Amino acid sequence: MENCKYCRANIEDCVDEGLKCSMCQSHVHIRCLNRGAVPGGLNGDIFFTFTCQECSDSKTETFVRDKLSWLQVIVLVLYHLNTKSPGLARKGFFHWRFHIATFIDKNWEILFTKYVKKKKSWTGTVAGTLSHFSVYFFLSGTSVFKEQAWWTLKYPKISPFLITKIYNALMAEKVKSKADKQIISDIEIFNRLLKANVSDEEMLKPFILSETESTPSTPEISSDVIDILPSPSQIRKNTKEKDNKDLTKRKSILPTMDNKKLLKISSSSDSLSDDFTARCLNQSEPLEEQQLENILKHRKLEEKKETVKLLDPYCHFNTSLNNISRMKGVSMKIKLLGGIRKDLILSPYSGIYLKPYIRRDAECFPHWLKIMAEIQLVTNKSNPKYTLPARGPLDYTYVQPEHIPAINCLCNQFFWPGIDLTESLQYPDFSCVVMYRKLIVGFAFLVPNVSHTESYLSFIFTRPGWRNVGIAKFMLYHLIQTSLGKDIILHVSINNPALFLYQKFGFKVEKVVLDFYDKYFRDNIKESKNAFYCRLER
Ligand SMILES: [Zn+2]
Ligand SMILES: [Zn+2]
């Protein structure tokens with residue numbers, strides 16, 4: 001059995017296969033990687049040529065994507081969806097187009113690298129691969145749904161790496177048995193290889209039809225979060241390092257307040273590679289010639305790329321104030337309340353059906369509810385039979401049209417006038433709205449695709465009285481999960497304590513943008529108009 005080069009603990013076959021360094025041949029757990037996850041963060045994805053920190057010339061881990069077959073890609077996607085987004089599935093099955101092909105489309109560069117262009121008929125290849133390998137690896141849901149579109153993994157617990165190994169062995173055996181003129185069926189060879197390669201009986205358990213269709217799923221945040229984030233000891237180590245780094249960064253940034261220094265891009269010219277960063281810079285200060293050239297060059301490159309529609313990161317910031325006049329006639333009730341739907345929500349952005357609930361939390365007991373309970377107890381002191389009415393759960397949902405007036409109202413009150421979140425209905429996958437009964441207590445929005453490699457976190461908010469109980473933390477966690485393979489960028493006022501939450505999730509301050517909020521904030525607001533520009537690298 002192999003040991004992990006970084007933590008020295010065992011690497012268990014099938015459970016946590018590690019990446020093998022191409023130089024020293026040692027293995028490293030995915031969770032032990034310095035960057036916390038493989039590029040793209042797909043579960044079970046170890047299909048990289050990896051060089052460990054010690055062996056790499058640059059002293060940082062390097063990953064080069066291996067060439068993946070369509071079988072590997074589809075197994076990877078199903079394995080990832082199955083373990084990370086089981087809630088999307090219908091009775092455990094995923095739709096070949098809406099789930100599988102959409103996922104591949106969104107993560108194309110992660111799976112195939114940007115050098116591999118999509119062929120016109122690639123979605124047909126997805127369907128073809130699924131049915132071709134249904135003898136061995138895929139299970140069709142046709143008999144369950146009376147519709148030929150739903151698929152899942154036959155052995156959902158066997159990792160993509162092991163499936164690849166078994167498949168390669170199968171091909172070799174087939175050639176051999178043909179040469180030896182043995183009369184043995186492929187499926188017999190396959191079953192033999194399956195038993196030989198998978199020692200754990202538990203893994204060989206085939207797919208079991210799940211009856212839980214469209215019941216609200218209640219994922220446990222704790223276990224999930226640990227899954228995608230580094231282990232706790234790793235976090236401690238990282239935050240220590242991070243804190244130190246950030247401190248020195250901030251030290252060098254803040255006291256000098258030298259404009260030129262501040263706005264120089266911290267990392268490298270790479271961060272200029274997109275339109276959005278370029279625009280940010282444009283707003284803040286005249287560019288040096290070299291930088292301008294870079295931007296123009298990159299813009300041309302971007303234009304040549306396929307025309308994926310990019311979104312405006314500030315699309316919700318709309319300061320026209322039209323929205324305010326529109327809000328005037330709206331009743332108090334509508335301004336406060338939003339409804340909860342019980343049926344699936346079709347996302348216009350991804351074509352995926354979203355569940356009505358992201359999570360339901362019955363444990364959470366925010367301060368506001370504690371105070372309300374106390375008031376009720378005090379006012380009913382004289383009634384010995386009085387018992388408190390049952391407390392409702394907190395529901396995490398995707399944004400719906402009926403939420404918008406209340407959310408706009410809260411934004412106008414707590415951020416600045418003129419904000420309009422209507423646009424977010426175009427991509428509800430990247431939203432999270434938290435309700436207590438019909439009261440909106442928090443929300444968070446991500447604008448996907450602001451460049452080919454970035455999403456933008458536009459707003460995250462929890463009502464006062466409902467803070468410090470993990471609501472924002474879960475919303476942020478949810479949004480990070482929805483934007484796999486893309487960097488997330490955001491602005492945060494330099495004296496806003498939310499920065500600590502972002503840093504916990506691995507966001508790093510890249511620069512300070514002076515007067516970023518100048519055109520938005522009213523003058524009496526306490527928060528600084530200067531913003532940190534932060535990035536979560538994926
Ligand atoms: Zn390890
Ligand atoms: Zn090495």
Side-chain angles (χ1 to χ4, degrees), residues 40 42-47 65-113 116-171 174 185-187 189-191 193-194 197-198 203-210 213 344 347 350-353 484-485:
L42 296 188
N43 209 16
D45 184 6
I46 54 173
F47 302 102
R65 169 58 88 200
D66 295 341
K67 193 173 180 301
L68 297 182
S69 67
W70 274 104
L71 172 66
Q72 284 172 307
V73 166
I74 294 170
V75 168
L76 256 179
V77 170
L78 277 173
Y79 189 78
H80 182 85
L81 288 175
N82 222 345
T83 42
K84 293 293 180 188
S85 319
L88 275 181
R90 262 182 88 189
K91 300 195 177 186
F93 289 86
F94 294 89
H95 194 281
W96 77 272
R97 184 191 289 277
F98 295 143
H99 297 138
I100 301 170
T102 304
F103 190 93
I104 294 172
D105 189 38
K106 276 208 243 169
N107 294 281
W108 185 274
E109 289 192 5
I110 290 295
L111 292 163
F112 293 101
T113 76
V116 179
K117 292 277 163 266
K118 278 186 202 118
K119 291 214 177 90
K120 242 187 185 161
S121 57
W122 73 272
T123 51
T125 312
V126 172
T129 309
L130 281 162
S131 76
H132 180 76
F133 291 102
S134 61
V135 194
Y136 308 119
F137 305 115
F138 304 121
L139 190 68
S140 161
T142 312
S143 60
V144 185
F145 303 111
K146 309 277 174 270
E147 179 192 9
Q148 223 175 5
W150 299 87
W151 290 91
T152 195
L153 288 171
K154 221 172 215 174
Y155 303 97
K157 294 204 169 145
I158 302 183
S159 71
F161 182 73
L162 207 51
I163 287 186
T164 308
K165 198 172 151 193
I166 293 170
Y167 178 68
N168 290 339
L170 176 69
M171 288 299 111
K174 264 170 85 166
S185 73
D186 292 353
I187 199 78
I189 305 177
F190 175 74
N191 285 332
L193 287 169
L194 201 63
N197 280 283
V198 186
M203 303 250 157
L204 285 172
K205 279 196 182 147
F207 172 82
I208 300 162
L209 189 64
S210 122
E213 186 174 15
L344 298 177
S347 160
S350 59
I352 284 180
Y353 281 97
L484 281 172

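Here, residue 1 is the first one in the sequence, and each next residue gets the next number. Note that the structure is predicted; figures quoted are calculated from it, not measured.
- By the 4.5 Å heavy-atom criterion applied to side chains, L42 and L111 are counted as neighbours.
- Although no hydrogens or angles enter the test, the distance criterion places a donor-acceptor pair under 3.5 Å between the side chain of T102 and the main chain of R97.
- Contact between V144 and F93 at its shortest, heavy atoms only, is CG2-CE1, 4.2 Å.
- Between R65 and D45 a salt bridge is recorded (basic side-chain N to carboxylate O distance below 4.0 Å).
- Contact check for Y136 versus L194: no side-chain heavy atoms found under the 4.5 Å cut-off.
- For the pair S69 (side chain) and Q72 (backbone), a donor-acceptor distance under 3.5 Å is present.
- In this structure, the separation between CG on L81 and CG on N43 is 10.5 Å, given to the nearest 0.5 Å.
- Residues K165 and N197 meet the side-chain proximity criterion, which asks for heavy atoms closer than 4.5 Å.
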Tell me, with the steps shown, if E147 and T142 meet side chain to side chain contact (heavy atoms under 4.5 Å, CB included). CA-CA 5 Å; E147 179 192 9; T142 312; over 6 Å; no
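- Two residues are said to be in side-chain contact when any heavy atoms from C-beta on lie closer than 4.5 Å; W150 and S140 fail this criterion.
- Across every non-hydrogen atom of L162 and I158, the tightest pair is CB-CG2, 3.7 Å.
- For F112 against V73, the heavy-atom pair with the smallest separation is CZ-CG2, 3.6 Å.
- To the nearest 0.5 Å, the span separating CD1 on I100 from CG on D105 amounts to 13.5 Å.
- Below 30°, between 30° and 60°, or above 60°: for W108 and W122 the angle between ring planes is above 60°, a perpendicular geometry.
- Under the rule for a salt bridge (charged side-chain N to carboxylate O under 4.0 Å, His left out), the partners of D186 that lie at least two apart in sequence or sit in another chain are K174.
- W70 places none of its side-chain heavy atoms less than 4.5 Å from the side chain of V75.
- For W151 against S134, the heavy-atom pair with the smallest separation is CZ3-CB, 3.7 Å.
- The two atoms that bring P160 and L76 nearest to each other are CG-CD2, 4.0 Å, heavy atoms only.
- Using modelled atom types, one side-chain atom of K154 and one backbone atom of V135 make a donor-acceptor pair closer than 3.5 Å.
- In this structure the side chain of F138 never reaches within 4.5 angstrom of the side chain of T152, judged on heavy atoms.
- At a threshold of 4.5 Å between non-hydrogen side-chain atoms, the residues V77 and F94 do not count as touching.
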Please step through side chain to side chain contact (heavy atoms under 4.5 Å, CB included) for the pair T164 and F47, ending with a clear verdict. CA-CA 10 Å; T164 308; F47 302 102; 3.5 Å; yes
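- Rounding to the nearest 0.5 Å gives a distance of 11.0 Å between OG1 of T113 and CG of D66.
- Distance check: L193 CG to L170 CG gives 6.0 Å after rounding to the nearest 0.5 Å.
- To the nearest 0.5 Å, the span separating CZ on F145 from NE2 on H95 amounts to 10.0 Å.
- Across every non-hydrogen atom of L484 and G40, the tightest pair is CD2-O, 3.8 Å.
- Ring geometry for F190 against Y155 counts as tilted: the plane angle lies between 30° and 60°, on a 0 to 90° scale.
- Atom CG in N168 sits 9.0 Å away from atom CG in L71 (nearest 0.5 Å).
- Here the side chains of F103 and S85 are not in contact, with every heavy-atom distance at 4.5 Å or above.
- In this structure, F137 and F133 have tilted ring planes: the angle between them lies in the 30° to 60° band.
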